[in-house]
Engineer: 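First the structure, which I've put down as C-alpha cells, then a few questions once you've had a look.
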Amino acid sequence: MAVAHEIALPAALSSLSPLAEWLAQQMASLPVDETWRFALDLAACETATNIIRYALHEDQCQLFNVTFIAADAGVTLRFTDAGTPFPAERLAEARNEAFDDDTLLAESGRGLRLILLSVDSFDLERRDGKNIAVLEKGW
C-alpha cells in the first residue's frame with residue numbers, strides 16, 4: 001500500500017532547508033541506510049534548485065509542490081510547478097554524457113547529472129500547463 005505526503009514551497013533558495021527537513025521526516029521510518037537517504041536528498045534538492053532558478057525564476061510568489069510516495073518497490077518524488085518548461089534536450093544531453101570527474105565539476109548540467117546518478121529513474125513531462133518531474137528510487 002502506497003503512502004503519500006505533500007508539501008508546497010515558495011520558489012526561493014531558502015526553501016531548500018525546509019524541503020530537506022520535510023524529506024528527512026518522510027524517510028525516517030524507511031528501511032534504508034544513510035547512503036540511500038543522502039542520494040535521494042541530493043536528487044530532491046538538485047531538482048528543487050532547478051525548479052526555483054530556471055522554471056520559477058526565484059519568484060517567491062510562485063509555489064512548487066513535492067509529493068512523497070512510499071510504496072512496496074521504493075520511493076517516488078513528484079515535483080510540480082507552473083513555470084517555464086524544461087528544455088527536453090538538456091535532459092537528453094545529460095543522459096548521453098559520460099560521467100567523469102570533468103563533467104561533474106562543470107557548472108552547466110551538473111545538477112542533472114547528479115540527479116541521474118542518485119536515483120533509479122528521472123523523468124520530466126509537461127501536462128496541463130504544469131511541469132512534472134518524477135524521481136524514483138527503489139529499495
Side-chain angles (χ1 to χ4, degrees):
M1 175 184 243
V3 177
H5 300 276
E6 188 169 344
I7 189 171
L9 297 163
L13 292 175
S14 60
S15 292
L16 295 176
S17 289
L19 172 61
E21 290 171 17
W22 176 81
L23 190 56
Q25 291 172 357
Q26 305 312 308
M27 292 190 292
S29 65
L30 298 181
V32 295
D33 62 21
E34 285 306 309
T35 301
W36 191 99
R37 291 173 202 274
F38 177 80
L40 186 61
D41 181 69
L42 177 63
C45 287
E46 287 294 336
T47 302
T49 299
N50 283 339
I51 291 167
I52 291 165
R53 285 188 173 159
Y54 306 115
L56 300 175
H57 310 287
E58 297 188 52
D59 177 356
Q60 295 184 41
C61 296
Q62 297 286 324
L63 298 176
F64 66 98
N65 294 307
V66 184
T67 305
F68 179 96
I69 304 164
D72 292 340
V75 169
T76 299
L77 289 177
R78 184 174 298 117
F79 290 77
T80 308
D81 69 82
T84 304
F86 186 84
E89 65 275 3
R90 298 274 302 158
L91 181 57
E93 289 170 8
R95 282 193 168 122
N96 290 328
E97 286 182 15
F99 292 107
D100 58 29
D101 289 343
D102 290 338
T103 60
L104 284 177
L105 293 175
E107 176 62 27
S108 178
R110 177 180 57 216
L112 282 175
R113 289 186 293 275
L114 288 172
I115 293 166
L116 292 171
L117 287 170
S118 299
V119 296
D120 299 320
S121 172
F122 177 64
D123 291 302
L124 298 167
E125 68 176 275
R126 179 103 174 149
R127 187 180 339 134
D128 301 325
K130 294 189 178 188
N131 299 312
I132 303 165
V134 178
L135 292 76
E136 296 178 329
K137 187 157 181 68
W139 308 122

Engineer: Assess whether salt bridge (Lys or Arg N to Asp or Glu O under 4.0 Å) is satisfied between R53 and D81, documenting all intermediate values.
Structural biologist: CA-CA 12 Å; R53 285 188 173 159; D81 69 82; over 6 Å; no
Engineer: State, yes or no, whether a side-chain contact exists between L23 and F68 at a heavy-atom distance under 4.5 Å.
Structural biologist: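 Yes; the side chains approach each other to less than 4.5 Å.
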Engineer: Hydrophobic clustering (ILVMFWY, side-chain heavy atoms < 4.5 Å, transitive) - are I69 and L19 grouped together?
Structural biologist: no
Engineer: Are L56 and L63 linked, directly or through intermediate hydrophobic residues, by side-chain heavy-atom contacts shorter than 4.5 Å (ILVMFWY only)?
Structural biologist: no
Engineer: How long is the span from the OG1 atom in T49 to the CG atom in L16, to the nearest 0.5 Å?
Structural biologist: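 Atom-to-atom, T49:OG1 and L16:CG are 4.0 Å apart.
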Engineer: Kindly work out whether a path of hydrophobic side-chain contacts (I/L/V/M/F/W/Y, heavy atoms less than 4.5 Å apart) joins F64 to I132.
Structural biologist: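 Looking at the clustering, I132 is in a separate group from F64.
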Engineer: F122 and side chain to side chain contact (heavy atoms under 4.5 Å, CB included): which partner among V134, L77, L135?
Structural biologist: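 That would be L135.
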Engineer: Hey, what do you get for CD1 (I115) to SG (C45), rounding to the nearest 0.5 Å?
Structural biologist: 10.0 Å
Engineer: Could you tell me the separation between the CZ atom of F86 and the CD1 atom of I51, rounded to the nearest 0.5 Å?
Structural biologist: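 Those atoms lie 10.0 Å apart.
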Engineer: Mind checking the CG-NZ spacing from D41 to K137? Nearest 0.5 Å is all I need.
Structural biologist: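 Output value for this atom pair is 12.0 Å.
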Engineer: Any chance CZ of R37 has more than 12 other-residue heavy atoms, nucleotides or ligands included, within less than 6.0 Å?
Structural biologist: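 Atom CZ in R37 is packed in, count exceeds 12.
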Engineer: Run the numbers on S121 and D123 for side-chain hydrogen bond (donor to acceptor under 3.5 Å, both in side chains), then give the verdict.
Structural biologist: CA-CA 7 Å; S121 172; D123 291 302; 3.3 Å; yes
Engineer: Would a hydrophobic clustering, with Ile, Leu, Val, Met, Phe, Trp and Tyr connected at side-chain separations under 4.5 Å, put L116 with W36?
Structural biologist: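 In one cluster: yes.
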